[in-house]
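Computed from a predicted structure; not experimentally measured.
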Amino acid sequence: MGNKCRLIACEEAWTIPEVAAELQKVARSPTQSLDKLLVKGIYDADHDTSGYGKMNFLNGLLDVEEQRLPQMDEYGVDMHLLTLTAPGVQMFDADTATELAALANDRLAEICAKRPTRFAGLGSFAPHSPKRAAKEVERVMGELKLNGLIVNGHTNGDYFDDYRFWPIFEAAEALDATIYIHPRGPSDTLKGPLQDYAMDSAMWGYGVEVGTNMLRMMASGLFDRFPKLRICVGHMGEMVPYFIWRINFMNSRAQKVGRAPKTERSMEEYFRDNFVFTTSGVEDPLALRYAIDRMGIDNVIWAIDYPYQPMKPAVDFIENFACTDAERHALCHGNAERVFHIAPE
């Protein structure tokens, strides 16, 4: 590969004990949410039947220094952009969610201040309390000096085209704060056929859930109201880059016949202008080359998805990917520095 390229991994999951404890209560509750399989597997492993508990993700999520940092050193990863792992605080009541998001953000700011060259962080918020969430956005980007925001798909089945979330987007746009939308289990109105064959989560359901959220945001005209708002998604764009031609064509037809609102720009323009996406959990060189050629190198960022994905294969993937030096620097650190306000070396 030649000279070492700075590696900033931009979707690296993390949590705090207080959030983990509250999610254990969720795991033991009668909720019918499709998130419960993953939540029970990670946070209530003694009673797990899903298999997630056997993977012991919780230790990796709670750890920063003992396991994560030595692996970063071993495989040459310079920085992790830490994100409060899904489902974040969105399965809690609004008050608990608001309090735990603030606590997690305080802890994350401490980690980043202690090791500013190794860790950056995205602050969380409780979308089901939008005005308080907007204030937390301001605190995250101002007082705490974090690098952006993280949220997990729908909240109580509501998607981000809903005008009730506008205070959050207004604050984020004003502060040039990128919002990373990470998947969670599909909402009750989407989950039916996704409950079998492990289709509920990363194999299929996550992409369906976030992709649906993305399309609702674009088709609703949300980005006409917030033209400078930047959204990041993971997993090589949650399938949208590979279907964008048809999405664009069919939306234009729907607008002509009155089935979708008239928007100032096309779906493809919104995707290019208002979204960036990471490679997290997709180590396919053909998919990455298509993503770059179709959507532009400025819109694609490298990530690992640790601890759900191992570090070494993700590093090997990006270091062996056939690309120009300029593309490699953009993928590995340049785009991350720009999008998430990370200081260049």
Side-chain angles (χ1 to χ4, degrees), residues 6-20 58-86 88-89 97-126 133-152 168 171-172 175-182 230-232 234 276 278 280 301-309 311 314-315 332-345:
R6 187 185 193 191
L7 291 179
I8 303 176
C10 286
E11 189 202 298
E12 312 315 312
W14 162 88
T15 195
I16 61 173
E18 291 85 351
V19 170
L58 185 56
N59 283 350
L61 292 169
L62 291 169
D63 165 75
V64 171
E65 300 272 353
E66 293 185 7
Q67 301 173 41
R68 186 187 303 253
L69 202 53
Q71 285 191 59
M72 291 169 64
D73 291 340
E74 180 179 358
Y75 301 123
V77 179
D78 296 285
M79 177 177 279
H80 271 197
L81 181 68
L82 298 175
T83 61
L84 184 67
T85 194
V89 298
T98 299
E99 292 165 6
L100 285 177
L103 179 62
N105 293 339
D106 290 341
R107 300 270 180 82
L108 185 54
E110 291 170 5
I111 292 169
C112 296
K114 181 180 178 183
R115 293 189 179 272
T117 64
R118 306 308 302 276
F119 296 112
L122 301 183
S124 54
F125 55 89
K135 291 181 179 179
E136 186 64 10
V137 167
E138 294 171 354
R139 192 176 79 94
V140 161
M141 300 305 294
E143 177 188 334
L144 299 184
K145 294 180 171 55
L146 290 173
N147 304 86
L149 304 156
I150 180 79
V151 72
N152 299 274
I168 300 169
L175 294 165
D176 192 26
T178 299
I179 300 177
Y180 201 126
I181 302 180
H182 187 279
R230 185 188 295 117
I231 302 296
C232 184
V276 295
T278 75
S280 59
I301 302 171
W302 178 67
I304 299 170
D305 205 358
Y306 178 88
Y308 303 112
Q309 299 278 141
M311 284 196 208
V315 172
C332 293
H333 67 93
N335 291 343
E337 291 162 354
R338 171 177 52 85
V339 169
F340 295 113
H341 306 292
I342 297 171
E345 284 187 328

*N/O donor-acceptor pair under 3.5 Å between Arg6 side chain and Cys332 backbone*: no
*Where is the tightest heavy-atom contact between Arg68 and Met311, given as atom of each residue plus distance?*
O-CE, 3.7 Å
*Is there side-chain contact between Leu84 and Trp14, with heavy atoms separated by less than 4.5 Å?*
yes
*Looking at Asp176 and Arg338, does any basic side-chain N land under 4.0 Å from a carboxylate oxygen?*
no
_4.5 Å side-chain heavy-atom contact, Leu122 and Leu146_ = no
*With a 4.5 Å heavy-atom cut-off, do Thr98 and Glu136 have their side chains touching?*
no
*Within the distance-only criterion (no hydrogens, no angle test), does the side chain of Arg115 pair as donor or acceptor with the backbone N or O of Leu69 below 3.5 angstrom?*
no
*asked:* The test is side chain to side chain contact (heavy atoms under 4.5 Å, CB included); show your working for Ile181 and Asn152 and say whether it passes.
replied: CA-CA 5 Å; Ile181 302 180; Asn152 299 274; over 6 Å; no
_If I take atom CG from residue Leu61 and atom OG1 from residue Thr85, how far apart are they, to the nearest 0.5 angstrom?_
5.0 Å
*Which pair of heavy atoms, one from Leu108 and one from Gly121, lies closest together, and at what distance?*
CD2-CA, 3.8 Å
*Nearest 0.5 Å please: distance from the OG atom of Ser124 over to the CG atom of Leu103.*
9.5 Å
*Counting distance only, does the side-chain N/O of Arg230 pair as donor-acceptor with the main-chain N or O of Thr178 below 3.5 Å?*
no
*Atom of Val315, atom of Tyr75 and distance for their closest heavy-atom approach*: CG1-O, 3.5 Å
_Stepwise side chain to side chain contact (heavy atoms under 4.5 Å, CB included) test for Thr83 and His182_ = CA-CA 9 Å; Thr83 61; His182 187 279; 5.7 Å; no
*Rounded distance (nearest 0.5 Å) linking atom OH of Tyr306 with atom CD of Gln71*: 4.5 Å
*Would you please test Leu62 and Gln67 for side chain to side chain contact (heavy atoms under 4.5 Å, CB included) and show each step?*
CA-CA 10 Å; Leu62 291 169; Gln67 301 173 41; over 6 Å; no
*Shortest non-hydrogen separation from Thr117 to Met79 and the atoms involved*: O-CE, 3.5 Å
*About how many Å separate CD1 of Ile342 and CD of Glu337, when rounded to the nearest 0.5 Å?*
7.0 Å
*Report the C-alpha separation of Asn147 and Phe119 in whole Å, then their side-chain angles, then the decisive distance to 0.1 Å, and conclude whether the side chain to side chain contact (heavy atoms under 4.5 Å, CB included) test is met.*
CA-CA 10 Å; Asn147 304 86; Phe119 296 112; over 6 Å; no
*asked:* If the threshold is 4.0 Å, N to carboxylate O, is there a salt bridge linking Glu110 and Arg107?
replied: no
*Is the backbone N or O of Asp78 less than 3.5 Å from a side-chain atom of Arg118, with the two atoms forming a donor-acceptor pair by type?*
yes
*Ala120 to Cys112 - nearest heavy-atom pair and separation*: C-SG, 3.4 Å
*Indicate yes or no for a side-chain donor-acceptor contact from Glu12 to the backbone of Ile304 under 3.5 Å, with no hydrogens or angles considered.*
yes
*To the nearest 0.5 Å, tell me how far Leu100 CG sits from Thr15 OG1.*
9.0 Å
*asked:* Nearest 0.5 Å, please: how far is SG in Cys10 from CG in Leu82?
replied: 10.5 Å
*asked:* Which label fits Phe340 and Tyr180: parallel for a plane angle under 30°, tilted from 30 to 60°, or perpendicular past 60°?
replied: parallel
*Gly148 and Val140: which non-hydrogen atoms are nearest, and at how many Å?*
O-CG1, 3.6 Å
*Applying side-chain contact (heavy atoms from CB on, under 4.5 Å) between Ile301 and each of Val276, Ile8, Leu81, report the one that passes.*
Val276
